[in-house]
Asks: 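Mind having a look at this structure? Questions to follow.
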Amino acid sequence: MIIYLDIILLFNLFCNLLILSLTKYLAKVNVNIHRLLFGTIIATALVPLIVYFPFSFFNSLIGKGIYSLFIIFCTFGFKSMQQMFKKLFLFYFISFSIGGGLFGIHYLVQDSFSSKSNKLLLYVNNVYGDQMSLLIILVGFPLVWLFTKSRMDRHVKDKIKYDQMYDVTIEMNGFRHQTIGYIDSGNHLVDPLTNRPVVLCDELFLQQFFAKADWNKLYQSIALNKLTDFPESMEKRLFIVPFQGVGGSNNYLYTIKPDKLIVHYNNELIETTNVLIGIQLNSLTVDNSYHCLLHPQIIHFSAVKTA
């Protein structure tokens with residue numbers, strides 16, 4: 001059996017550097033490049049230990065666990081055991097995710113290519129005698145690394161988004177309907193005359209509060225900007241709120257006043273009648289995950305009841 005130790009060391013150095021870099025990124029810690037390189041060298045040093053001392057303590061499960069803690073210590077230092085184990089589990093999670101992705105690509109390519117074309121993939125034996133393609137590792141590892149990073153970034157964004165989503169109930173025109181609302185910290189829109197906060201709701205949700213003919217008339221009036229064509233039943237509820245766009249341009253928003261708005265906030269019910277609903281004539285999101293953009297002022301200053 002031929003083992004190309006120099007190639008294996010080089011690839012391990014490359015892979016360990018990317019894994020530790022991603023661990024640093026996801027753990028949100030500030031580590032300079034020297035510590036990162038030092039930790040990479042320590043992690044790569046395990047390879048010759050396994051090759052020359054296959055029955056050593058560091059080749060056992062406990063030994064590898066201790067050595068992994070040593071890698072984390074050399075790379076990120078020590079602040080607390082909780083932080084150490086947090087980074088260790090993150091390090092293993094990234095390693096297993098990328099390793100699993102590479103093995104998946106390896107077996108997919110191995111089964112798809114003929115024996116002659118397999119020679120182009122530069123197969124060599126690793127330290128355990130298993131054949132791996134250097135080409136797959138060289139091309140596949142960065143791709144799986146980028147995929148893992150993008151998915152984790154998306155997971156964090158989704159977690160933040162869903163942590164700010166709450167059930168919202170609106171009463172208006174004798175109807176009562178519930179939807180999902182998103183607390184938009186960037187929403188500071190208020191009616192300058194009444195100082196009421198403005199909540200944005202989209203067409204898919206708002207049309208439930210109107211007869212079809214009334215909604216179509218309301219929709220056309222807003223789309224064509226014809227104030228005289230609004231339904232008579234809406235005249236007392238309708239407010240026009242001016243606002244300034246991002247580019248500095250002045251615009252205005254058509255709003256309606258509901259009878260009541262209720263936010264199911266954690267274990268509390270936040271009720272308010274002092275609010276306006278801005279009419280959005282299209283969807284707020286592509287996936288329809290929420291239909292209402294809440295004003296943060298509602299959470300802070302409205303009446304609260306225990307659910």
Asks: Where the side chain of Y166 meets the backbone of L294, is there a donor-acceptor pair that is under 3.5 Å apart?
Replies: no
Asks: Taking everything shown except I33 itself, do over 12 heavy atoms lie less than 6.0 Å from its CD1?
Replies: yes
Asks: In terms of relative ring orientation, are W215 and F210 parallel, tilted or perpendicular, with 30° and 60° separating the classes?
Replies: tilted
Asks: Taking all non-hydrogen atoms of both residues, which atom of P258 and which atom of I170 are closest, and how far apart?
Replies: CB-CG2, 4.0 Å
Asks: Does the ring center of F96 lie less than 6.0 Å from the ring center of Y92?
Replies: yes
Asks: Is the backbone N or O of S289 less than 3.5 Å from a side-chain atom of D287, with the two atoms forming a donor-acceptor pair by type?
Replies: yes
Asks: Report yes or no: is the cationic atom of K149 (NZ for Lys, CZ for Arg) under 6.0 Å from the centre of the six-membered ring of Y25, at an angle within 45° of the ring normal?
Replies: yes
Asks: Give the minimum heavy-atom separation between Q297 and P197, together with the two atoms involved.
Replies: NE2-CD, 3.9 Å
Asks: Which pair of heavy atoms, one from I19 and one from W145, lies closest together, and at what distance?
Replies: N-NE1, 4.3 Å
Asks: Can a donor-acceptor pair be found, under 3.5 Å and without considering hydrogens, that links the side chain of K87 to the backbone of F76?
Replies: no
Asks: Kindly state whether the ring of F73 and the ring of F78 have centres lying under 6.0 angstrom apart.
Replies: no
Asks: Taking the side chain as every heavy atom from C-beta outward, state whether S21 and L36 have any pair of such atoms under 4.5 Å apart.
Replies: yes
Asks: Is it true that the NZ or CZ of R176 lies under 6.0 Å from the centre of F209's six-membered ring and within 45 degrees of the ring axis?
Replies: no
Asks: May I ask you to decide if the ring planes of F85 and F89 are parallel, tilted or perpendicular, using 30° and 60° as cut-offs?
Replies: tilted
Asks: Kindly say whether F205 contributes a backbone atom to a donor-acceptor pair with the side chain of Q208 at under 3.5 angstrom?
Replies: yes
Asks: Between D191 and T194, is there a side-chain donor-acceptor contact under 3.5 Å, judged purely by atom types and distance?
Replies: yes
Asks: Just checking, any donor-acceptor pair under 3.5 angstrom between side chains of T272 and N274?
Replies: no
Asks: Donor-acceptor pair, K257 side chain versus T273 backbone, under 3.5 Å?
Replies: yes
Asks: S80 side chain to Q83 main-chain N or O, any donor-acceptor pair under 3.5 Å?
Replies: yes
Asks: Are any of the side-chain heavy atoms of L269 and H264 separated by less than 4.5 Å?
Replies: yes
Asks: May I have the step-by-step check of side-chain contact (heavy atoms from CB on, under 4.5 Å) for L281 and Y219, ending in yes or no?
Replies: CA-CA 7 Å; L281 293 183; Y219 184 97; 3.6 Å; yes
Asks: In terms of side-chain heavy atoms, does S283 have a donor or acceptor partner in D202 at a distance below 3.5 Å?
Replies: no
Asks: Out of curiosity, I262 CD1 to T169 OG1, how far, rounded to the nearest 0.5 Å?
Replies: 5.5 Å
